[in-house]
Amino acid sequence: MTHDIEHFIQALPKVELHLHIEGSLEPELMFDLAHRNGVALPYDSVEEIRAAYQFGNLQEFLDLYYQGMAVLRTRQDFQDLTRAYLDRVARDNVRHVEIFFDPQGHTERGVPFAETIEGILDALEEGERDLGITSGLILSILRHLPEADALKTLEAALPYRECLLGLGLDSSEVGHPPSKFTRVFEKARGLGLKVMAHAGEEGPPAYVWEALDLLKVDRIDHGNRSLEDPALVDRLVAEGMTLTVCPLSNHKLCVVEDLAQHPLKRMLDLGLKVTVNSDDPSYFGGYLGDNYRAVAQALDLSRVDLAQLASNGIEGAFLTPERKAALLDELNGHLARG
Ligand code: ADE
Ligand code: ZN
């Protein structure tokens with residue numbers, strides 16, 4: 001990659017719409033928190049943890065992701081985790097983030113909902129104050145758990161309604177279709193939350209249709225397998241539906257064999273509103289800027305493509321009109337300077 005494109009990407013004002021905060025837990029912090037909280041880890045070193053991050057599919061990743069979370073116990077832990085993520089992406093000129101958290105991954109270990117959400121909110125507030133990064137927080141439902149569990153979690157979130165941007169759906173996709181959560185999503189929409197769901201990462205196009213028709217989502221997370229169904233592609237294009245694509249994640253989880261075969265460019269050319277995101281950067285080997293750099297190189301993307309991806313991110317974000325206009329101004333300023 002030329003130095004020029006590298007510089008262009010670095011200075012591009014970027015937005016991240018698909019990031020699991022627990023997936024930003026770096027092995028160093030995992031060790032520190034394990035020590036702080038007296039939690040035993042099945043690893044002796046940071047190197048050993050990194051070496052374990054080889055995945056053949058989504059479930060192999062999820063098993064380690066849930067295991068890693070065990071070190072997160074207190075409000076301070078969640079604040080430290082979130083602050084570390086914001087400090088890292090600030091260096092890549094990330095200007096706005098909409099992040100997921102998985103409260104069920106913590107409440108089932110006895111960590112109160114309040115500890116988790118308040119720690120994350122503390123850091124998001126600091127991030128806006130100290131780094132100028134605006135943010136939204138999305139409560140994500142673990143789809144491998146029963147519907148009743150999801151309803152209970154949404155109930156627990158009610159006192160924090162005003163602090164939440166939306167409701168998401170993640171974890172093991174195949175065998176847990178969106179239809180399992182129709183009532184939960186109906187409730188969330190009734191509360192005025194934005195709604196989104198992971199769909200078409202490993203699951204079939206039918207799951208994307210269900211996310212649209214039954215959950216009535218505002219955004220699709222991943223959505224790669226939509227390409228197998230031309231009628232679905234037409235629908236997504238016609239609706240201007242944002243897809244939060246995660247290139248390094250797709251590679252690490254074997255959704256694509258090789259980054260050079262990643263469908264991102266094809267999706268752009270079809271007129272899909274695709275965005276670039278990091279998903280779980282600690283586990284997949286790169287933050288948002290790394291994802292931009294990786295696809296720019298592997299797919300030989302032009303500045304026009306990269307600007308379109310950044311612009312799709314701003315347009316797909318749930319921002320006030322003022323903040324959206326300000327970010328588009330930043331982007332246009334960057335493009336004008338070349
Ligand atoms: N949880 C964290 N990352 C995820 C992903 N890529 N897919 C499903 N669930 C997840
Ligand atoms: Zn994800």
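Numbering of ligands and ligand atoms starts at 1, following listing order. The first residue of the sequence shown is numbered 1, and numbering continues consecutively from there. Since the model is a prediction, treat every value here as computed from it, not as a measurement.
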> Can you find a pair of side-chain heavy atoms, one from Thr153 and one from Leu139, that are under 4.5 Å apart?
Replying inline: yes

> Taking the six-membered ring for Trp, is the centroid-to-centroid distance between His18 and Phe100 below 6.0 Å?
Replying inline: yes

>> Quick check: closest heavy atoms across Arg109 and Gly105, and the distance to 0.1 Å?
In response: NE-O, 2.9 Å

> Counting heavy atoms not belonging to Arg161, are there more than 12 under 6.0 Å from its CZ?
Replying inline: yes

> Going by chain and residue number, what protein N/O/S atoms come nearer than 2.8 Å to the Zn ion (ligand 2)?
Replying inline: His18 NE2, His20 NE2, His198 NE2, Asp279 OD1

>> For Glu257, is the CD atom crowded, meaning more than 12 foreign heavy atoms sit under 6.0 Å from it?
In response: no

> Do His144 and Tyr66 pass the ring-ring contact (aromatic ring centres under 6.0 Å, His included) test, and can you show the C-alpha distance, the side-chain angles, and the key distance before you say yes or no?
Replying inline: CA-CA 13 Å; His144 67 275; Tyr66 295 124; 5.8 Å; yes

> Asp258 and His251: side-chain donor and acceptor closer than 3.5 Å?
Replying inline: no

> In order of chain and number, which residues sit within 4.0 Å of ligand 1 by heavy atom?
Replying inline: His20, Leu58, Phe61, Leu62, Tyr65, Asp170, Ser171, His198, Glu201, His222, Asp279, Asp280

>> Under 6.0 Å between ring centres: does that hold for Phe78 and His106?
In response: yes

> Centroid-to-centroid, Phe181 to Phe185, below 6.0 Å?
Replying inline: no

